[in-house]
Novice: 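Below is one structure. I have some questions about it.
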Amino acid sequence: MRLIMMGPPGAGKGTQAKFVAEHFGIPAISTGDIFRANVSQGTPLGVKAQGYMDAGEYVPDEVTNLMVRNRIDEDDAAPGFLLDGYPRTLAQVEELDGMIKFTGHSLDAVVVLTVDAEEIVQRLLQRAEVEGRADDTEDVIRRRQEIYTEQTEPLIDVYRGRGLLIEVDGMGEVADVTERIFAALDTVAQS
Ligand code: AP5
Ligand code: MG
């Protein structure tokens with residue numbers, strides 16, 4: 001299975017990606033998590049990414065694309081993968097198309113989690129108290145939402161046009177959302 005998990009900041013991508021990836025026996029690849037690990041280790045990639053992340057801006061495509069290309073090349077991603085937070089721009093969509101085509105496979109589905117704007121802010125402010133992520137302040141959350149609307153929301157129509165889009169209601173209990181995703185994806189896995 002080659003899957004994408006999309007949705008606005010705080011929609012629950014990372015939370016659900018873990019369960020879905022485990023279900024299908026594939027790695028969950030979160031670009032945000034890889035960037036944060038590099039920032040905390042002070043690697044050259046982390047140094048490049050940090051300023052953008054702290055401001056809620058996207059890291060430049062060429063940096064992100066190369067990082068994903070290298071990650072997808074690893075052995076554990078040969079049977080498939082779930083991408084959380086990539087692609088986020090039209091240029092990244094094209095780049096990913098090339099990477100997958102090169103392996104002779106194709107994308108199976110794009111899951112989009114839909115969650116009310118108010119609920120999202122509540123979830124992120126709550127997470128800020130627990131995890132203290134640098135980009136979970138009210139101003140930066142707002143900027144992340146804006147940039148999602150401008151740059152990433154248009155991807156929904158692209159994948160809908162390809163017949164790959166699965167929209168899932170991301171409101172309510174975590175386990176209920178997981179069940180909805182499994183129900184939608186199991187039909188894809190059987191087809
Ligand atoms: P990234 O780390 O991907 O951040 P994001 O998209 O803003 O999304 P989050 O991780 O904040 O939210 P999520 O949807 O994963 O929700 P979660 O499960 O955590 O990216 C960070 C930055 O990296 C970007 O801003 C950018 O700078 C850079 N970057 C990353 N990818 C890039 C790319 N492709 N191109 C360029 N730059 C890139 O849930 C949120 C909270 O809600 C958690 O506390 C969770 O416990 C809770 N929660 C989850 N589900 C529920 C539920 N059903 N009910 C109640 N609470 C819930
Ligand atoms: Mg996340």
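Basis for what follows: all heavy atoms, side chains included, without hydrogens, waters or symmetry-related copies. Along the sequence shown, residues carry numbers from 1. Both ligands and their constituent atoms are indexed starting at 1 by order of listing.
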Novice: Under 4.0 Å between a side-chain nitrogen and a carboxylate oxygen: does that hold for Arg142 and Glu146?
Specialist: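 Result for this pair is no, no salt bridge flagged.
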Novice: If the cut-off is 4.0 Å to any non-hydrogen atom of Thr64, which atoms of ligand 1 fall inside it?
Specialist: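 What qualifies from ligand 1 is 33 (C), 34 (N), 35 (N), 36 (C).
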Novice: If we set the cut-off at 4.0 Å for heavy atoms, which region of Gln92 has an atom near ligand 1: side chain, backbone, both, or neither?
Specialist: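 Only the side chain of Gln92 comes within reach of ligand 1.
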Novice: In ligand 1, which numbered atoms sit nearer than 4.0 Å to a non-hydrogen atom of Gly14?
Specialist: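 Contacts of ligand 1 toward Gly14, numbered from 1: 13 (P), 15 (O), 18 (O).
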Novice: Under 3.5 Å, is there a donor on one side chain and an acceptor on the other for Thr64 and Tyr58?
Specialist: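 There is no such pair (donor and acceptor under 3.5 Å, judged by atom type) between the side chains of Thr64 and Tyr58.
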Novice: Can you name the atoms of ligand 1, numbered from 1 with element, that are less than 4.0 Å from a heavy atom of Val174?
Specialist: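 In order of number, 50 (N), 51 (C), 52 (C), 53 (N).
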Novice: Could you pull out, from Gly12, Gly172, Ala175, Gly170, the option with a heavy atom nearest to atom 54 (N) of ligand 1?
Specialist: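 The option holding the nearest heavy atom is Gly172.
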Novice: Quick check on Gly10 - does any of its heavy atoms sit under 4.0 Å from an atom of ligand 1?
Specialist: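 Yes; Gly10 lies near enough to ligand 1 that a heavy-atom distance drops under 4.0 Å.
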Novice: Which protein heavy atom lies closest to atom 50 (N) of ligand 1, and at what distance to 0.1 Å?
Specialist: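 The closest one turns out to be Arg123 NH1, 3.6 Å.
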Novice: More than 12 heavy atoms of other residues, nucleotides or ligands under 6.0 Å from CD of Gln126: yes or no?
Specialist: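 Atom CD in Gln126 is not packed in, count stays at 12 or less.
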Novice: I need the nearest protein heavy-atom contact for atom 49 (C) of ligand 1: residue, atom name and distance, please.
Specialist: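 Protein heavy atom with the smallest distance to atom 49 (C) of ligand 1: Thr15 OG1, 3.4 Å.
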Novice: Nearest protein heavy atom to atom 22 (C) of ligand 1, by residue and atom, and its distance?
Specialist: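 Atom 22 (C) of ligand 1 sits closest to the protein heavy atom Met53 CE, 3.9 Å.
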Novice: Looking only at distances, can you tell me whether any N or O atom of Tyr58, backbone or side chain, sits closer than 3.5 Å to an N or O atom of ligand 1?
Specialist: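 N/O-N/O distance under 3.5 Å: no.
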Novice: Restricting to non-hydrogen atoms, name the atom on Asn38 and the atom on Ile34 that form the minimum distance, rounded to 0.1 Å.
Specialist: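 Distance-wise, the nearest heavy atoms are ND2-O, 2.8 Å.
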Novice: Check each atom of ligand 1 against the heavy atoms of Gly85 and keep those under 4.0 Å away; list them by number with element.
Specialist: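 Listed by number with element, the hits are 31 (N), 32 (C), 33 (C), 34 (N).
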Novice: Are any of the side-chain heavy atoms of Val68 and Ile72 separated by less than 4.5 Å?
Specialist: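 Side chain of Val68 against side chain of Ile72, heavy atoms only: contact under 4.5 Å found.
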Novice: What protein heavy atom sits nearest atom 31 (N) of ligand 1, and how far off is it?
Specialist: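 Ranked first by proximity to atom 31 (N) of ligand 1 is Thr31 OG1, 2.7 Å.
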Novice: Would you call Asp136 and Arg144 a salt bridge, using N to O less than 4.0 angstrom?
Specialist: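 Yes, this pair counts.
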Novice: Applying a heavy-atom cut-off of 4.0 Å, say which part of Val59 lies close to ligand 1: side chain, backbone, both or neither.
Specialist: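 Both of them.
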Novice: Who's the nearest protein heavy-atom neighbour of atom 27 (O) of ligand 1, and how far?
Specialist: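 For atom 27 (O) of ligand 1, the nearest protein heavy atom is Glu57 O, 2.7 Å.
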Novice: In the protein, which heavy atom is nearest to atom 8 (O) of ligand 1, and how far is it?
Specialist: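 Going by distance alone, atom 8 (O) of ligand 1 is nearest to Lys13 NZ, 3.1 Å.
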Novice: Could you pull out, from Gln122, Met5, Arg127, Glu129, the option with a heavy atom nearest to atom 40 (C) of ligand 1?
Specialist: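 Looking at heavy atoms only, Arg127 sits closest to atom 40 (C) of ligand 1.
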Novice: Under 4.5 Å between any side-chain heavy atoms of Pro87 and Tyr159, yes or no?
Specialist: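 Answer yes - side chains close enough.
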Novice: Testing the 3.5 Å rule here: is there a donor-acceptor pair between the side chains of Thr178 and Gln16?
Specialist: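 Short answer, yes.
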Novice: Does Arg36 come within less than 4.0 angstrom of ligand 1, counting non-hydrogen atoms of the residue?
Specialist: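 A heavy atom of Arg36 does come that close to ligand 1.
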Novice: Check for me whether Arg133 has a heavy atom closer than 4.0 Å to any atom of ligand 1.
Specialist: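 For ligand 1, residue contact (heavy atoms, under 4.0 Å) with Arg133 is present.
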Novice: Tell me whether Gln50 contacts the main-chain N or O of Gly46 through its side chain, where contact means a donor paired with an acceptor under 3.5 Å.
Specialist: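 A pair under 3.5 Å: no.
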Novice: Taking the minimum heavy-atom distance to atom 20 (O) of ligand 1, which of Arg88, Gln145, Arg144, Glu131 ranks first?
Specialist: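 Among Arg88, Gln145, Arg144, Glu131, the closest heavy atom to atom 20 (O) of ligand 1 comes from Arg88.
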Novice: Name the option, out of Tyr86, Tyr52, Phe35, that contains the heavy atom nearest to atom 38 (C) of ligand 1.
Specialist: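 Nearest option to atom 38 (C) of ligand 1, by heavy atoms: Phe35.
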Novice: Between Glu22 and Lys18, is the closest basic N to carboxylate O distance under 4.0 Å?
Specialist: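 Judged by the 4.0 Å cut-off on N to carboxylate O distance, Lys18 and Glu22 do not form a salt bridge.
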Novice: Taking C-beta and beyond as the side chain, do Leu124 and Val121 meet within less than 4.5 Å on heavy atoms?
Specialist: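 No, every pair of side-chain atoms sits at 4.5 Å or beyond.
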